[in-house]
Amino acid sequence: MARIGYSDEHEQFRRTARAFFDREHEPQLKKFEAAGGIDKDFWRRAGQAGLLGACIPEEYGGAGGDFTFNVILAEELGRTPGSATTGSSLMADIATYILVLHGDDAQKQRYLPGILAGEISQAMPLTEPDAGSDATAIKTTAIRDGDDYVISGEKYFISNGAGADVLYVVAKTDPSQRGRGMSVIIVDADTPGVARHKIPMMGWAHGDTGALSFDDVRVPVSNLIGREGMAMKILMDTFLEDRLQIAGRCLGAASAALDLTLAYVKSRMVSGQRVFDFQNTQFVLAECRTDIAVTESFLDSCVVKFRDKALSFDEGAMLKLWATEMEGRVLDKCVQLFGGAGLMDENPISRMYTAARIQRVYAGTSELQKVAIAKGLEALA
Amino acid sequence: MARIGYSDEHEQFRRTARAFFDREHEPQLKKFEAAGGIDKDFWRRAGQAGLLGACIPEEYGGAGGDFTFNVILAEELGRTPGSATTGSSLMADIATYILVLHGDDAQKQRYLPGILAGEISQAMPLTEPDAGSDATAIKTTAIRDGDDYVISGEKYFISNGAGADVLYVVAKTDPSQRGRGMSVIIVDADTPGVARHKIPMMGWAHGDTGALSFDDVRVPVSNLIGREGMAMKILMDTFLEDRLQIAGRCLGAASAALDLTLAYVKSRMVSGQRVFDFQNTQFVLAECRTDIAVTESFLDSCVVKFRDKALSFDEGAMLKLWATEMEGRVLDKCVQLFGGAGLMDENPISRMYTAARIQRVYAGTSELQKVAIAKGLEALA
Amino acid sequence: MLQTASLPAGDVESPYGEELEMYRETVRAFFRREVEPRVREFEEHGSDRAIWRKAGEYGILGATIPEEYGGAGAHRMAIMVAAEELGYAPSGATMGSFIGTDICTNFLVDHGTEEQKKAWFPGILTGDVIQAMALTEPESGSDATSIRTTAVRDGDDYVINGSKCFISNGSKADLIYAIVKTDPAAKGRGMSVILVPGDTPGVTRRRMITQGYKGGDTGEIFFDNVRVPVSNLLGEENKAMAMFIPTIGLDRMQIVARSVGAAQAAFELTVEHCRNRKIFGQRLVDFQNTQFMLAQMETEISVGRAYLDNLIRKMWAGTLTDADSSMAKIWLCELEFRTLDSCVQLWGGNGWMDENPISRMFTAARVQRIFAGATELMKSLLGRRYL
Amino acid sequence: MLQTASLPAGDVESPYGEELEMYRETVRAFFRREVEPRVREFEEHGSDRAIWRKAGEYGILGATIPEEYGGAGAHRMAIMVAAEELGYAPSGATMGSFIGTDICTNFLVDHGTEEQKKAWFPGILTGDVIQAMALTEPESGSDATSIRTTAVRDGDDYVINGSKCFISNGSKADLIYAIVKTDPAAKGRGMSVILVPGDTPGVTRRRMITQGYKGGDTGEIFFDNVRVPVSNLLGEENKAMAMFIPTIGLDRMQIVARSVGAAQAAFELTVEHCRNRKIFGQRLVDFQNTQFMLAQMETEISVGRAYLDNLIRKMWAGTLTDADSSMAKIWLCELEFRTLDSCVQLWGGNGWMDENPISRMFTAARVQRIFAGATELMKSLLGRRYL
C-alpha cells in the first residue's frame, strides 16, 4: 500500500538501502556471527552505497538530506532479519547530527569525511550503570586541567560503544550541578585510559552494546562540542530524531516478522492443512497486519510533521511508546505461530523476538514516555 | 495538533458541525430524552446549517462535496456526548450516496431536496433477525406483480428505522438466488403494510434502532434503485464510506471521553490530591491519548487515500476493526477513572461507555473484518 | 449441558458444605421462578415490595438471624452463596444489589440491643423491612473517615444532617443504617451507626439511574434535621469504624462471588447460543475463533473458580487476609468483565439488544470493578506492602 | 522477604505433603549451591556431566525408582516438585529441561523388564545415565501418530531409521527412548518404544541452539541403520500410544509447575530490585506505577498458585481431566510470560543484560507457551467439547 509523505528521492533511497541490506547484510550474517559482529568493511560498503551521513551538508561532501532519509534507513535496517543479531550498527547518525548542528568547523572537517566514507564509526556514551533514564544523575566528570579535560567515569549500555572510533562522551564539567553542568566532549577511542568491552545481552547476540571506562583520559579542550554546560540542550535537539529512528526500526522489524510468518504458515502443513488455513492463524495475522498498518500511518504522519517542524515532544513520546509496544505485540504473535521452530535460534524469528524486548526499555522506557505524555495532558485546558 | 489531509473548507465545515452540535444537540438532550429521541425539528435545523447531503451534486441543490465532509460530520457527531443517548441520527448519508450514485433522475428530484432540507430522513433496512453479517441470507422478498413489487419480510436492527420517512429496502426479487437475487427498493414509510417499532438497546437509550415488518407492501416498480439483482453491488459501493464514517465516530467519541475525563480528574480530589496527580491516572490517560493519536493518523491517512481512490477494502476493514476496538479500550479506561460517578447514567461518560459496545459488532463484527483482512493476506506473495 | 466447572463444581467438593448448598438451591429457585418471569417489568418500573415479600416467603432473607428470633441461624457465608446466585441469575443484572443486605443484618445481629432486634428482625425475615447501609457521601469515597454527615445529641435525641449517595436500596429502605460523625473533631474515632427508619420526618431520597441495574435501587439519601431517639444508636457511640473493619473482607468477597456466578452464567448462555446460531451455513461454534474464545473463557472461569474456592476455605479457617480479598477483588471482577465482553461479541447484534440477558449482564458488569473498592484502590493497598 | 504466596505457600497447607516438601528442600539446595555458582560457565559451554553426577549425589534423580532398586520410591508427584524448583531457581532458565527426566524413568518403572531395570536404574540414580524421550520429528508435531521413524525386525534385532528433533537432553543422552513405527501401516496402533543406548553405531546428534536455555540441551537425533537387540523393546510391540497417553497429563502439569515457580522467583527478585533501585531521587518502588505493576503480578501469581494447588489435589485424587491440564497449560504458562515481561520492564536496561537472571528467565519463558502442547493446540482440544 502506497505511503504518504515520501518523495521519489526518498523512495529511491529506500530501494538503495533495502538492496544494500539484502546484499551486504543477510548473506554475510554467518560471517558477522563468527567475527562477533559487523566489521569495518561493512561500514565502508555502507559509505560507498551512500547510506551514511544523509544529513551531512553538501559543503562537507554530504547529500544534505532531511532526516526522513535516516528514518528510512532505520526502517530498512529493522526490516533486515539479521539486524536482530548485529544490533543498532548504522543507527549512528544521531551522533552525526550533533556534530553537524553543534560542532565547530575544525571538528567537522576532521570527522565528517570519514563518517561519510564509513571509515569512522561513532558512539555516544551517555548512560551509566546508576543513571539510566535520568541522564542528569551521571557521575562521569571532565575536569579542566590547563588546555585539557581529564575525564573519569564509567559508561554502560552504549550502542556501538565497544567498536566505535569516535566517542561523544557526556560528562560533568561542573560536578556541583545536575543538568546544567553537563557537556559533550569528543574522545578518540584510542586515547590512553579508555577501556571497553561488549556486554552479553538478551538479543543482538553479536551486536555491540558496550561498557566503557575512562581512567584519567586526557583530551584537548578543543574537543568540547558547543559550549560547557550545553549537553542537555544538545541531547534535546536529537530527541525527536531518536524517537523517529527507533519507531522506524520497530515498524521495519514488525513488517519483516509478518512477512516471514506469512511465508511460514503458508508452507507449513498441520493435520493435512496449511497452518494458514486455520481461522485462528488468519485472525492473529489480521491483527498483526492492522497493528502494523496503523503504526505505519502514525510514523509517516510524524515524519511529515517533523519535516514541517510541527512535531511536538508529546507526539515523539507517543510514537516511541506506540511503535515499541506494537513491535512487542507483533513479534510475540509471530513466534507463537511458528511454534517450536520459532524458538530455535537458527530461525531468524527467534532472534527478532528476543531483540525486540529492549525497544520498550532503552531510549526512555515506556513508563518515561508516559510521563512525558502526561506532562502534555497536564498542560491541556 | 494539526491534522493532515483536510482543506480549509473541510476545517470550516468541522467548525460548523461542532458549533451545531454544541448548540442544537447538547443543550436539547433533556428534551430529546423526554421525547424518546431527536425530532423532526433537529433534522430541519441540521439541514439549515448545511450539514445534510454534503455529497449531493450542485445540480440538485447540494454542495457536491467529497466524502471527507461526511467523515467530519461523523467525527463531530461522535464527539458530542449526547449522541451516546440519541444514536446514529445524522449518519444517514450512506443512503443519500446510494440515491446519488444509483438513483434515476425522477427519484433524485423527488427526494434530494427534502433530504437537504432535513424534511426527509432515510433508513436502509437490510439486516434481518437471522441474517446479520451474512447479508445474502435475507428472506424478505419483493415479488413483481404487474407494475408493482409486493414486499414481505422482517427487518431488524435498522438505524433510524422506526422514524425514517424513506426506506431503502433490500429484498430478494429472485428468492431462488442468494446475493445475485437481491435488489434495493424505495418504500415510503407510510405505505400500507409497513409496521415498525424501536428496540430497547444497551446504549442509545433514546436512539432509533428499529424493527420493521413488511406485510404485502405494494410499491410501483419505478421505486427500484438501479437494476434488479444489483443490491450487493450497490451496497459494496458504500462499503468504504461506511467504514470511514464509523471510524470517525469512534475517534470523535474517544476524544470527547478523554476531554471529559481529563476535566474530571483535574477537579476531583482524593486523599488531598487531584486524581490527576496519581501516577496511575497519568499513565492510563497517556495510553488513551496515544491510542487516539495513532487512530487519528490512521483515519486521516485513509481519508486521503479514499479521496485519491487508493483506499483498499483491506484497509477499510483494518480501519473499522482498529477504530472500534480503540474506542472500546479508551472508554473502558475513562469510566474506570471516573469511579462510581462514571456509572451513574446522569454522567455522559456512563452512556458513552455503554453506547460504545455496539461499534465492535455492527456493520460487520471485528471477526468479519479479520476475515476480510485475512483474504488480503492470502493474496500476498 | 456442557460439563464445565459449574456452580457448584461437579467433581470437586463444594467449599460451602451441604447446608449452604441447600440454601443455594432455594435462592436459585427463587430467581428462576419469581424474578426471571417479571424481569422486563422490573427493568421498566423498578422492583417492587411484592418481590421482597416473595423472597421472604422463600426464606432467603436474613439468613443469619439466630433461630431464637425466628431466623435460620445460618453461617455468614450464606451471603457468599446468595451473591453467587445473584450473579448466576440473568435477572440479577437487572435487580442490582437487591437481596444482598445481610451485611446490614449482621450489624444488627452483632451489635443490636434486644429491643432493636425484636423491633426489626421479623420484618427483615418477611421482606417487609428493606435495609440500607448509608456510608458513602459525595465528597468521601474510598476514605470513609472523611464523611461529613453529623448526628448531634439534643436531649434524648440525635439530630442528623447530611447526605449520602450511591446507597444500595437507598430509595426504598425502611431501615437506614446511617453512618454519622458524633464527634466530628475525631475523624475515624468519632463515627457512629444510628438506625433511622425510612419514614422519619426529614429523610428524603432520590433514586439514581445507573448503568445496568435498571430494576435496582441505588439512591441518594438526604438528612435534614432528622430526629431519632438515642436508643437508635447501634453499638457504642464513636465505635463505627471498629464495627466496620471486620466486615470489609466479607463485603468485598460477596462482590467477588457475584462476579464468578455471573461469568459462569454468561459462559453457559453463550455456549448454548453458539451451538444454535447459524452463520454462512455453519453453526457459530464450528468456527475455530469461536472455539478458541470459548476455551479462553472456560479456562479463566475454571481458574477463577479454583481461586475462589481456595479463598472460601481460608474464610472458613479464618485465615483470609486483607491482601487476599484485595487480590480477589481485582482479579475476579476483571474476569467477569472480560468474560462478558467476549460473550457480547459472540452474541453479535443480539448481544446489544436489552431483550437479551447477555446485554443486561454486560452493562451490569462494569460497576463490579469500581464499587466496594476500585481496582486502583486495591492496588494501592497492596502496593504499600512492597515498600 | 515479603509475605507473598511463596513456594510452598505460607498459610495454606502444602498440597504435596511433608515428604515431597523435604524433597523440594533438597532440590532447592542443589540449585542454590551447585548450579547457580556455575551458571555463567554453563551459559557459555553448556552443562557437563559433573553437574548431573552432583545431582545424583544429592539424591534428586530417579526419585520414583522403587526402593528395591536403590531408589527413593517417591510418588510421581515428585516430578512436579522438581519442576517447580527448576522454575524457581534462576539458573533453571539456563539449564533447560535438565533434571526433569522422570517421565522417562517412569516408563522404565512401569514397563521395563527386570533385566532392563537392573541395567539402567543404577546409572540413572547416580547421574551417569542421562535419558531422553525421542518422539517429535520435523514433520510430526502435535500429531504423534504421524512420525516416520521405523524399526524393522531383522532376526533378533531391530533396525532403526529416521530422525528426531526438539529432543530434551537429546545431544547428550546415554539412554534414548526411541518412539518408532514397528507397523507403519497401522498409524497409532503400530508404534513402539525401543531403548537405544546413546553410543550405538549409527546414532548421530546435533545440539540445537534455542532461545533461552543456553546451557540446556535440545537436540536432533538421527538414526541411520541403528541396530539394537529385540530385548531392547520396552513394553509390548505396537503399544507405545497406550503407554504414552496416561503420561500426557503429568507431562503438561510439570511444565505448568515450572511456570508457577519461575513467576514466583521473578516476582521476588523484582520486588527486591524495586526497593534498591533509585531513580529521580526516589526508590523505584515508591512510584505508583511500580506498585500497581507489582500488585497486578502478585494478584495473578496468587490466583495461579491457588489454581495449581487445586489441580495438584485433583492429581492426588485421580480426578484430573484432560480439560484440566489443557486449561492449566494455557493459563499458567501465559501467567509466567506476563509476569516475566513486566519484570523485565521494571528492571529496565539491566533486565536486558544477560548477566542478570531476569533477562535469562524472560528469554527462557517464551517456549513454555509452545512446547508440550501449544496454547492453540490446547484450545483446539478444549474447543471440540463445545460442539
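Per chain, numbering begins at 1; letters A, B, ... match sequence-line order. Basis for what follows: all heavy atoms, side chains included, without hydrogens, waters or symmetry-related copies. Predicted model only: the values in this text are computed from it and were never measured.
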Self-check item: Exercise: identify the closest heavy-atom pair between B/E378 and A/R274
Solution: OE2-NH2, 2.8 Å
Quiz item: Is it the backbone or the side chain of A/D300 that comes under 4.5 Å from a heavy atom of chain B, or both, or neither?
Solution: neither
Quiz prompt | Lys/Arg-Asp/Glu bridge criterion (N-O < 4.0 Å) met for B/E367, B/K370 | solution = no
Practice problem: Pick one of side chain, backbone, both or neither for A/F276, based on which atoms fall under 4.5 Å of a heavy atom in chain B. | Solution: side chain
Which atom pairs, one a donor and one an acceptor, fall under 3.5 Å between side chains of residues 246-261 of chain A and the rest of the protein, sequence neighbours left out?
from   : atom 1 : to     : atom 2 : distance (Å)
A/R249 : NH1    : A/S88  : OG     : 3.0
A/S255 : OG     : A/L251 : O      : 2.8
A/T261 : OG1    : A/A257 : O      : 2.6

Practice problem: Could you verify whether a donor N or O on one side chain and an acceptor N or O on the other, from A/T68 and A/D66, lie under 3.5 Å apart? | Solution: yes
Quiz prompt | A/E325 portion near chain B, given a 4.5 angstrom heavy-atom threshold | solution = neither
Quiz prompt | Contacting region of B/V371 [heavy-atom separation from chain A under 4.5 Å] | solution = both
Quiz item: Side chain, backbone, both or neither: which part of A/L285 has an atom under 4.5 Å from a heavy atom of chain B?
Solution: both
Quiz item: Which of the residues A/E287, A/Q369, A/Q279 is involved in the greatest number of heavy-atom pairs with chain B at under 4.5 angstrom?
Solution: A/E287
Exercise. Report yes or no: do A/T238 and A/E241 form a side-chain donor-acceptor pair below 3.5 Å?
Key: no
Quiz prompt | B/F313 and B/F239 aromatic ring geometry - parallel, tilted or perpendicular at 30°/60° bounds | solution = tilted
Quiz item: So which part of A/V284 gets closer than 4.5 Å to some heavy atom of chain B, the side chain, the backbone, both or neither?
Solution: neither
Quiz item: Picking from B/T281, B/I373, B/L319, B/T290, which has the most non-hydrogen pairs under 4.5 angstrom with chain A?
Solution: B/T290
